[in-house]
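Step one of this worksheet: look at the structure below.
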Amino acid sequence: MTQAPPAGPRTRQEQRTLYLALSALLMGMLLAALDQTIVATALPTIVSELGGLDHLSWVVTAYLLAATAGTPLWGKLGDQYGRKKLFQAAITIFLVGSALCGVAQDMAGLIAFRAVQGLGGGGLMVLSMAIVGDLVPPRERGRYQGLFGAVFGASSVLGPLLGGLFVDHLSWRWVFYVNLPLGVLALLVIAAVLHIPVRRDRHRIDYLGTLLIAAVATCVVLGTSLGGTTWEWDSPGVLGLAVLGAALLAWFVRVERRAAEPVLPPALFRVRTFTLCAVISFVIGFAMFGSMTYLPTFLQVVHGITPTLSGVHMLPMVLGILTTSTLSGQLISRTGRWKVYPVLGTAVTVLGLLLLHNLDADSGTWEMSAYFLVFGAGLGLVLQVIVLVVQNAVRYEDLGVATSGATFFRSIGAAVGVSVFGTVFAARLGPRLESALAGERLPPGVTPRTLAEDPRAVAGLEPGQRAAALDAYSISITDVFLWAVPVTAVAFGLACLLRETPLRASVQAPDSSETLGLNPVTRSSREELLRALTVLSSRAGRRDLYAGLVADAGLTLRPATGWLLLRMHRDGHVEPALLADRYGLDRTVIAAGAREAEERRLAEREGLGLSLTPAGHDIAARLAAAREAALAALLGDWWTPERPRDLTVLVRQLSRDLGGGGGETPREEPDRRP
């Protein structure tokens, strides 16, 4: 179990070291998050130079599969062997993969190197967030978690733009080379300033289960990407992959039933809500990443838009995702009602796919932007709520694996979606080009096949031929959105079957890595609940938390007095003026609380500071009990007499650590009393 750093104020040098370490962690996470989005706008240029348009999807899929398979292993290996060493190893693997991708000379090599890069990227994601828990105590964690959440939003916006800028002004290879200086800098900073103890938390790591589920996913992706293009759907190769995938899946289920710490416990699928949400997550990943991969190709090839501007054109979709995911989360927190969002979200996503299918070479900028916005808005409505619903449906003991299960299915859906979209596109492009250009006298060396492999060759055709070729490209790309409609309609039907149950307050604080990131989230139930309660407590501290605690304890004190008493209860001697300056509080508010504590003989002056009197200890204990009860109330029906012991310990430790902390500062006027 990860322990928080010791309490007490940090020196200026310690604070500077913490900021440097957090900056390096943020940089590592940003690199991994960017690599899920930065490549899309560069793909048309990459396949034009390296060839293999029919295998374009594997440039994305190889990264996703490797990252998804490696993520659970990185987390548990970090617990056993020390997160610093594992994080350095993840950066190194990621940088080696990036360098190899940059020098790739053919599509096969690039795909293989992207898998190496993805393996390191999965480690960057999971370990950077875990190390924050080693550096920052829970009472301060809420201040920094927002920064890590912002990384996912920023990568969604910056990825398509940076990919286009590098292609236009440098080379597509800089999409990968840019990782090298940033990654090396992060590596050096981590080596110099990151000092965390190595605590060996033993795990029974499910290596075989991880290998089997990765193999099953690979069979599915290979079958869907090769079927209909390289092989016929009824060919021995596709049928063999289907049989092999089914056999491996059966083996996986058998292994997971016996594993001490299974990657995906089969018992979870007995929970109806989890099963429904797993399928919906798969479909949303399928539609979201499949579209994000092929829309830049449509913009650059059919509309002749530069890679940079294609990134700009993608922003309405990103804006739709970020806006509705944030808005739905806030509305759910206020109302407790959630079912409308997955139902409405899947319906709007279906509408968005139909609108995208109607795009053609004559579509205007505003029309495309509106369609992208609608599609993104539908996705955002589902992304936020699915994780909340899964967390609400399971026991506390299953909270961690249920969260990772929901995000795992979204990751696999993304990989399958990209491959299916690629298959549909490739299977239709060649025949359509041959039909459109039949009987045409093409330039020397140009054939429908070469046009299908290199989109840049279209520019060398006569105007009439170019229009016919672009029309073939347009229809082939937009057809993939039509094929996604029935799949998303299934998700809509499943969303209608969800049973709306009241949400526990403790699950109404999702993390951006759970809702926007594509890598599975791997946290234990304790770590997940600790993160959520810390965020919720920080939010409550900005409102009237301490006025409520004082009232719940049956006291008539200023909120600031209650805050100071809990602070002294935890830390002993405190200096009110220094605390006010440290947390940016109104000195008069804190001074009024300190004065009341002295007047009531709950605290006594020692120089510039205060310490509790015996009467103050009694009152502080009542406030601490009220703080613990307030945290327990967030847990809903998890907090029962039969609750696990570690849940009781967690609430008590968190109550003590948060009480009087900077994330729970009182807000009141100096002369105000409850």
Can you see which heavy atom on [X] is nearest to which on [Y], and at what distance?
X	Y	answer
V59	I111	N-CG1, 4.1 Å
N179	S98	ND2-OG, 3.1 Å
L95	L180	O-CD2, 3.5 Å
V283	A491	CG1-CB, 3.7 Å
A217	L65	CB-CD2, 3.8 Å
I386	S281	CG2-OG, 3.1 Å

How long is the straight-line distance from [atom2] of [Y] back to [atom1] of [X], given to the nearest 0.5 Å?
X	Y	atom1	atom2	answer
W174	L165	CH2	CG	14.0 Å
L127	L86	CG	CG	5.5 Å
L355	L373	CG	CG	11.0 Å
L20	I190	CG	CD1	10.0 Å
L212	W251	CG	CH2	5.5 Å
L244	C219	CG	SG	4.0 Å

Is a side-chain N or O of [X] found less than 3.5 angstrom from the main chain of [Y], in a donor-acceptor match?
X	Y	value
H357	T478	yes
S411	T407	yes
S474	D471	no
R432	A472	no
S363	L359	no

Task: Plane angle bin for F286 and F421 - parallel if under 30°, tilted between 30 and 60°, otherwise perpendicular - done: perpendicular

Open item on the list: Students often mix this up, so state it plainly: with edges at 30° and 60°, are the rings of F94 and Y63 parallel, tilted or perpendicular?
Closed with: perpendicular

Does the side chain of [Y] come within less than 4.5 Å of [X]'s, by heavy atoms?
X	Y	result
L379	I284	yes
F425	Y294	yes
I475	R428	no
V279	F409	no
L30	L26	no
L299	M368	yes
V103	Y177	yes
Q117	L100	no

- [ ] Would you check, one step at a time, whether the test side-chain contact (heavy atoms from CB on, under 4.5 Å) holds for F176 with V39?
- [x] CA-CA 9 Å; F176 305 108; V39 174; 4.1 Å; yes

TODO: Show your working on side-chain contact (heavy atoms from CB on, under 4.5 Å) between F166 and R173 and close with a plain yes or no.
DONE: CA-CA 8 Å; F166 288 136; R173 298 180 185 276; over 6 Å; no

Please table the atom pairs, donor to acceptor, closer than 3.5 Å between any side-chain atom in residues 313-321 and protein atoms at least two apart or in another chain.
{"residue": "H313", "atom": "ND1", "partner": "L309", "partner atom": "O", "Å": "2.8"}

- [ ] Only pairs at least two apart or in different chains count here, so list each salt bridge (Lys or Arg N to Asp or Glu O under 4.0 Å) that has a residue in residues 65-75.
- [x] none

Task: Pair T306-Q300, side-chain contact (heavy atoms from CB on, under 4.5 Å): steps then yes or no - done: CA-CA 6 Å; T306 65; Q300 292 177 40; over 6 Å; no

Open item on the list: Regarding D168 and T308, do their side chains bring together a donor and an acceptor under 3.5 Å, going by distance alone?
Closed with: yes

Task: Evaluation steps, side-chain contact (heavy atoms from CB on, under 4.5 Å), between L356 and F372 - done: CA-CA 7 Å; L356 294 178; F372 292 176; 3.5 Å; yes

